[in-house]
Every structure is written in C-alpha cells, then in structure tokens.
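Structure, as structure tokens:
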Protein chains: 2
Amino acid sequence: MAPSNAQGLRSTGLKVTQPRLRILEIFQKSAQRHMTAEDVYRVLLEEQQDIGLATVYRVLTQFEQAGIVRRSNFESGKSVFEINEGKHHDHLVCLDCGRVVEFYDAEIERRQKKIAHEHGFELQEHSLALYATCADKQSCPHFNKGEAPAAERAAHRE
Amino acid sequence: MAPSNAQGLRSTGLKVTQPRLRILEIFQKSAQRHMTAEDVYRVLLEEQQDIGLATVYRVLTQFEQAGIVRRSNFESGKSVFEINEGKHHDHLVCLDCGRVVEFYDAEIERRQKKIAHEHGFELQEHSLALYATCADKQSCPHFNKGEAPAAERAAHRE
DNA sequence: GTATATGCAAAACTTTTGCATCCTT
DNA sequence: AAGGATGCAAAAGTTTTGCATATAC
C-alpha cells in the first residue's frame, strides 16, 4: 500500500499528475504523519505550487478510496489524513500539544468484534481516539507547532 | 444528572426558559436517544414552536457544559446529542439503518488508560464508535426512520 | 485526440455570532 | 429593573461542486 511513486499511483488507476505526486511527496517528506487538507495546502503554497485547495480535497478523497491514505476525524472538526501503511492502528492525541501517537491493542480489537457480535452485528470498522495530557509536561514541548492542539476547538465552546 | 424539569434546570444555574424546557422534553419523549441539532429543530418546527436553530445549538452546548447532555461525533460530520444518564458508554452504530446501541466494556476502558500511561500520558477522555452491519438483515428493519444511516455521508464521497 | 484532472469561484453544510428585543428573576 | 436568553440574519469554517481550461495517456 501507499505507493511512493508514479508506478504506485498508476497501479491504483489514477493518472499520474503533478498535484497527486506533490501531495504524496509532502506526506512522505513531512515530519508530521497526520495532516489536514489545510496543512497540505499550506505546504503547497509555501512551495509556490499552483494547486488549489479543492484539488487537495479531491486528491485526498481519491487517495482514501484507493487505500493510499486514511482519514480520521478526532474532535477537531477537521479531517486528518495519513499515509496508509497497511497496519491498522488507533490514535492517542495530546490535548496539550496536538502530538498524535499511534497504537494497536489486540485485546481491544478482539473485544470490539465480540461486542458487535453479541448485539447481532458484523463489525465493519471502528474509530477509537484517546485524548490525554502529558503526565510530565517537560516531555511535551508543544512539539507539533504546525498542528493546533486538539483542545483548541473544545475551548471555543467555553 | 439530566434534570427532567424546571428545578433540575435551575440547579445548573441556567434560567428556566421555554426553549430549554421544550428541548429537554423532546429528548425525554423521543424514541431516539441520539439526536442532532437538526433533529431537535425539526421536532420543534412540527410543534410550531418559534425556536430558532441557533437557539437549539446554544442550548445544547450549554446543556453539554452543564453535564445534561453528551455530544458525540460518529462519522456523519454532525454532532449527535443524548441525555447524560451519568453512566459512561461507547456506541455501536448500524451502517444499515443508523440504529445506535450503547455498550460499556470495562476491559477496554482499563486498557485505554494503561495505553495512555505507557506512552507517558494521563488519559482525559476517549471516543470509541463501532460501525457495523446487521448480521441478520431481518432484525434490522431500518428502525430509526428519523435518523439517516451513518453510511450516508461516506456514500457522498463515492 | 479523448478522457481526466485541475483551478477558480461559488455553493453546501454545520455551527457560531452580532445585535436588537424579549423574558426570568 | 437588570442581566441573561432568544430570534433572525449574517458570518465562519470545512468540504464539495460546476464549469471552462489544461494535462496525461
């Protein structure tokens, strides 16, 4: 999964265009694995690429459908995209600095499936996000300056 | 929690107004525990109450802050509200009919807290939603006609 | 050359806000 | 009477769409 080049893109049936290649590259080169459409667009602007925000959304949506990226929603109100490495995981989001940690817990996965079955359902997918604060504030240096803290939007409602 | 009357409302420090009483009543009388702001507004319209959508949003937000309702986001892009009975639970959403089942799993809760700790965080909250289809379609009679299937928005992107 | 993709602007949707007026206390 | 609450309309924020033009195969 996650084609890293023109061949990979082609194999998904998508034409190999500049916008698609550039967006893929941004995900590969960025320090942040998790980016909103705005985040990607901002990088493109800095690079003086003439790529519109609408194209970013279109490309990300197509990439999602092709299995190249995954979309999450957290509580920010915005969609967050990341390259799909094929390994399923859930997210832990730092409310102090927005940092996103990925984790996988087999037991949680197992119980989710079991719970669905017990209620007469067939589990298709799930979305799990943990929201936490740094136990040791020193270790949470508001690291992802590009990514606004997840606490931001909740604060708006206060 | 979840004051069911004027006294209860007063105790939260909120003034007892018609819109607040009516909205509370709608949650108490409705067959659906889970409703969007639009859902509530639609009921008000049917009752010819002159209550604006903005007020519905304001009241629901205040109720959330007062602990009277809880807000969830699922994948629909809209906020879903329910009366806060005080018992924490997560949600299982039927992709066929939109039905929402509540569940609680102590082991999942435990592991979430453990995972956060292992990464140096203090868990504050979490959001877990399971998306599933009915194993036996007969038992899923598109029950919540008022509530559009959760699959709807995803379909929009296709 | 044809079908697709893109850019731009405008629209769609959910949610919030400004402000004059109304209602609780 | 005074402060908070509401309605309406307008704004904000994110995401989608229509359409003429540009690009990939």
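Order of the sequence lines fixes the chain letters, A, B, ..., with proteins taken first and strands second; residue numbering starts at 1 for each chain.
Taking the six-membered ring where tryptophan is involved, the planes of H34(A) and H89(A) are perpendicular, since the angle between them exceeds 60° and thus also 30°.
Rounding to whole angstrom units, CZ of residue F63(B) and C1' of dA5(D) are separated by 12 Å. Put simply, CG on D39(A) is 11 Å from P on dT15(D), counting in whole angstrom units. In this structure, E75(A) places its CD atom 13 Å from P of dT15(C), rounding to the nearest Å. Note: CZ (F74(B)) to C1' (dT14(C)) measures 17 Å, nearest angstrom. Here the P atom of nucleotide dT24(C) and the CG atom of L9(B) are 12 Å apart, to the nearest Å. If you measure from atom OH of Y41(A) to atom P of dT14(D), you get 13 Å, rounded to the nearest angstrom. At whole-Å resolution of the value, CG in L21(A) and P in dT23(D) are 15 Å apart. Taking atom NZ of K78(B) as the reference point, atom P of dT16(C) lies 15 Å away to the nearest angstrom.
Between the side chain of R58(A) and the base of dG7(C), a donor-acceptor pair under 3.5 Å is found.
Among dT16(D), dT24(C), dT15(D), the nucleotide with an atom closest to any side-chain atom of L53(A) is dT15(D). Comparing atom distances between the A54(B) side chain and each of dT6(C), dT16(D), dC8(D) picks out dC8(D) as nearest. In this structure, the nucleotide among dT6(D), dT6(C), dT14(D) sitting nearest to the side chain of R20(B) is dT6(D). Of all nucleotides listed (dT25(C), dT14(C), dC25(D)), dT14(C) comes nearest to the side chain of Y57(B). Of the candidates dA24(D), dT16(D), dT24(C), the closest approach to any side-chain atom of Q18(B) belongs to dT24(C).
Taking 4.0 angstrom as the limit, R10(A) places a side-chain polar atom (N or O) nearer than this to OP1 or OP2 of dC25(D). Contact check, T17(A) against dT23(D): no side-chain N or O comes under 4.0 Å of OP1 or OP2. Between S79(B) and dT15(C), a side-chain N or O to OP1/OP2 separation shorter than 4.0 Å is present. Between K15(B) and the phosphate of dG4(D), there is no side-chain N or O to OP1/OP2 separation shorter than 4.0 Å. In this model, the phosphate group of dT14(D) is not approached by any side-chain N or O of T36(A) to a distance below 4.0 Å at OP1 or OP2.
Contact detail for A37(A) and L53(A): the closest heavy-atom pair is O-CD1, 4.1 Å.
Here the side chains of E82(A) and V100(A) are not in contact, with every heavy-atom distance at 4.5 Å or above.
Within 4.0 Å (heavy atoms only), I51(B) reaches sugar-phosphate atoms of the nucleic acid but no base atom.
Aromatic pair H119(B)/F103(A): centroids not less than 6.0 angstrom apart.
Side-chain N or O atoms of R20(A) include one that pairs as donor or acceptor with a backbone N or O of K15(A) at under 3.5 Å.
Projected onto DNA chain C by closest heavy-atom contact, T55(B) and L14(A) fall at different nucleotides, the more 5' of which corresponds to L14(A). Of the two residues contacting DNA chain C, namely E38(B) and V16(B), the nearest-nucleotide position lying further toward the 5' end is that of E38(B).
Around atom CZ of R111(A), more than 12 heavy atoms belonging to other residues, nucleotides or ligands sit under 6.0 Å away.
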